[in-house]
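Here's the structure we're looking at; comments come further down.
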Amino acid sequence: MNTVKSVRELRAAVAQARAEGKQIAFVPTMGNLHAGHAALVEKAAQRADFVVASIFVNPLQFGPSEDLDKYPRTLLADQEKLVEAGCHLLFTPDVEEMYPHGMDGQTRVSVPGVSEGLCGASRPGHFEGVATVVSKLFNMVQPDLAIFGQKDFQQLAVIRTLVRDLNMPIQIIGEPTVRADDGLALSSRNGYLNTAQREVAPVLYRTLQEMATAIRAGERDYAKLVAVAQQQHSAAGFSPDYLEVREANSLRPATSDDRRLVILLAAFIGSTRLIDNLAFDLDTPG
Ligand code: AMP
């Protein structure tokens, strides 16, 4: 696997793969890779001949009081995992390479609708930062397909919408969330948890499953289910950020007639903010 830091080297390596007739798959990340990221790269290697990954902790998507500075940077370990998962080219630009003219005057991409509410409400500017950097990366790599995790369900909806609205000829593939044995969704931010916090963290996914089971059994009082789950989160030491039942395709608040649903949550434990979600189809047995 080749690691390059400049757009010029990236374009040259991708151009060579293209000249060899290869299909290009792309997996953007912020590094500190775990089995969830590896699953995306493995999928990319199954679907295309040449796999490009990027590691870039994008300042544009972090709020002023968020964890940009302490976000874990583990390049050597990440490179090993990428090689093992089948990656051919790693792009690790620095901030100057991505934003050579500074971030203030940078053209921004905003995706109305699906960006609003949920993480969009708790993290103002976050999805504009994501949509902008992903658009730039797509233009740099020009992949045939790109793979994202369903773990970031709203982000995936934002990317699908931006690719559709900006006519980008890129197939977007969403991959299921990889979890620890106790159900906790793998996340780089799990590394911030102390032992006691890590022990209680699986309550988040457990309550998502309980809510889905109740809805499958016919419960449609979503507000009641949310209140019960948030009580369990609070009892475990979490401060709820949001917990909502939405229609899975549009992300609008769910009605009692919707069949494709997603329950999404964000919650703080200490200063660590975790997100998770569970999508399900009432017409498909669970
Ligand atoms: P990040 O490095 O957190 O920006 O994530 C990079 C990509 O990995 C995104 O598409 C995420 O949705 C995906 N991802 C993160 N955690 C997981 C997970 N536990 N399972 C599957 N994909 C994940």
Side-chain angles (χ1 to χ4, degrees), residues 25-47 51-63 66-68 70-75 77-79 81-82 85-87 90-93 98 114-115 118-119 123 126-138 141 143 145-163 170-193 198 201-202 204-205 208 251 262 264-266 272-279:
F26 178 43
V27 181
T29 81
M30 298 204 300
N32 192 233
L33 304 182
H34 50 62
H37 299 108
L40 306 186
V41 175
E42 283 160 15
K43 180 69 169 198
Q46 284 165 18
R47 296 288 298 257
V51 178
V52 183
S54 63
I55 295 179
F56 179 60
V57 184
N58 175 33
L60 213 57
Q61 71 190 67
F62 284 76
E66 294 183 346
D67 56 345
L68 173 65
K70 73 165 185 174
Y71 199 86
R73 280 133 171 117
T74 52
L75 181 60
D78 291 350
Q79 285 171 315
K81 287 179 187 147
L82 287 169
C87 181
L90 171 62
F91 179 46
T92 58
M98 284 303 284
V114 290
S115 288
L118 306 169
C119 285
R123 305 183 67 188
H126 171 66
F127 285 121
E128 192 176 85
V130 169
T132 300
V133 81
V134 169
S135 299
K136 285 171 73 77
L137 288 166
F138 280 177
V141 178
L145 53 106
I147 314 217
F148 292 83
Q150 290 165 5
K151 154 91 180 358
D152 298 275
F153 197 91
Q154 189 178 15
Q155 168 175 281
L156 179 57
V158 167
I159 309 272
R160 286 192 193 285
T161 306
L162 99 82
V163 163
I170 302 172
Q171 185 190 357
I172 302 300
I173 297 172
E175 276 293 292
T177 301
V178 177
R179 300 178 179 281
D181 288 343
D182 59 12
L184 179 66
L186 298 188
S187 164
S188 305
R189 293 190 168 98
N190 293 350
Y192 300 151
L193 303 177
R198 176 63 189 80
L204 298 180
Y205 185 53
L208 289 177
L251 281 188
V262 57
L264 308 104
L265 68 79
T272 303
R273 183 174 177 277
L274 299 181
I275 61 171
D276 202 352
N277 67 79
L278 181 57

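Every number for a ligand or one of its atoms is a count from 1 in the order of the listing.
- Here the heavy atom of the protein found nearest to atom 20 (N) of ligand 1 is Val178 N, 2.9 Å.
- Shown here for Gln150 and Pro176, the closest heavy-atom pair between the two residues is OE1-CA, 3.4 Å.
- Between Ala185 and ligand 1, no N or O atom pair is found at a separation short of 3.5 Å.
- At a threshold of 4.0 Å, the pair Asp67-Arg273 does not count as salt-bridged, since none of the basic side-chain nitrogens sits closer than that to a carboxylate oxygen.
- With atom 8 (O) of ligand 1 as the reference point, the heavy atom nearest to it among Val130, Asn32, Ile159, Leu40 is part of Leu40.
- How far CG of Leu90 is from OG of Ser54: 8.0 Å, rounded to the nearest 0.5 Å.
- Not close to ligand 1: Glu175, with no non-hydrogen atom less than 4.0 angstrom away.
- Of all protein heavy atoms, the one lying nearest to atom 22 (N) of ligand 1 is Gly149 CA, 3.6 Å.
- Using a 4.0 Å cut-off to heavy atoms of Gly36, the atoms of ligand 1 that qualify are 18 (C), 20 (N), 21 (C), 22 (N).
- Taking each heavy atom of Thr272 and Arg189 in turn, the nearest pair found is CG2-O, 3.7 Å.
- At the top of the distance list for atom 23 (C) of ligand 1, counting protein heavy atoms only, stands Lys151 CB, 4.1 Å.
- If you look at His34 next to ligand 1, the close heavy atoms, those under 4.0 Å, all belong to the side chain.
- Listed here is the closest heavy atom pair of Ala85 and Ala38: CB-O, 3.9 Å.
- Cation-pi contact between Lys136 and Phe56: absent, since separation from the ring centre below 6.0 Å together with deviation from the ring axis within 45° is not met.
- For atom 3 (O) of ligand 1, the choice among Phe56, Tyr71, Phe153, Phe148 with the nearest heavy atom turns out to be Tyr71.
- Counting the atoms of ligand 1 from 1 in the order shown, those under 4.0 Å from a heavy atom of Thr177 are 19 (N), 20 (N), 21 (C).
- Each of the following atoms of ligand 1 lies closer than 4.0 Å to a heavy atom of Leu186: 16 (N), 17 (C), 18 (C), 19 (N).
- Looking at Pro28 against ligand 1, only its backbone comes within 4.0 Å, counting heavy atoms.
- Here the side chain of Gln154 pairs a donor or acceptor atom with the backbone of Cys119 at under 3.5 angstrom.
- With a 4.0 Å cut-off on non-hydrogen atoms, Ala39 does not touch ligand 1 at all.
- Near Asp152, the atoms of ligand 1 lying under 4.0 angstrom from a non-hydrogen atom of the residue are 11 (C), 12 (O).
- Taking both residues in full, the closest heavy atoms of Asn190 and Leu184 are given as ND2-CD2, 3.4 Å, listed atom of the first, atom of the second, then distance.
- Scanning the protein heavy atoms around atom 5 (O) of ligand 1, the nearest turns out to be His37 NE2, 3.4 Å.
- Here the closest heavy-atom approach between residue Ala185 and residue Thr177 is recorded as CB-CG2, 3.7 Å.
- The heavy-atom pair separating Leu68 from Arg73 by the smallest distance is O-NH1, 2.9 Å.
- In terms of protein heavy-atom proximity, atom 4 (O) of ligand 1 is nearest to Met30 CG, 3.5 Å.
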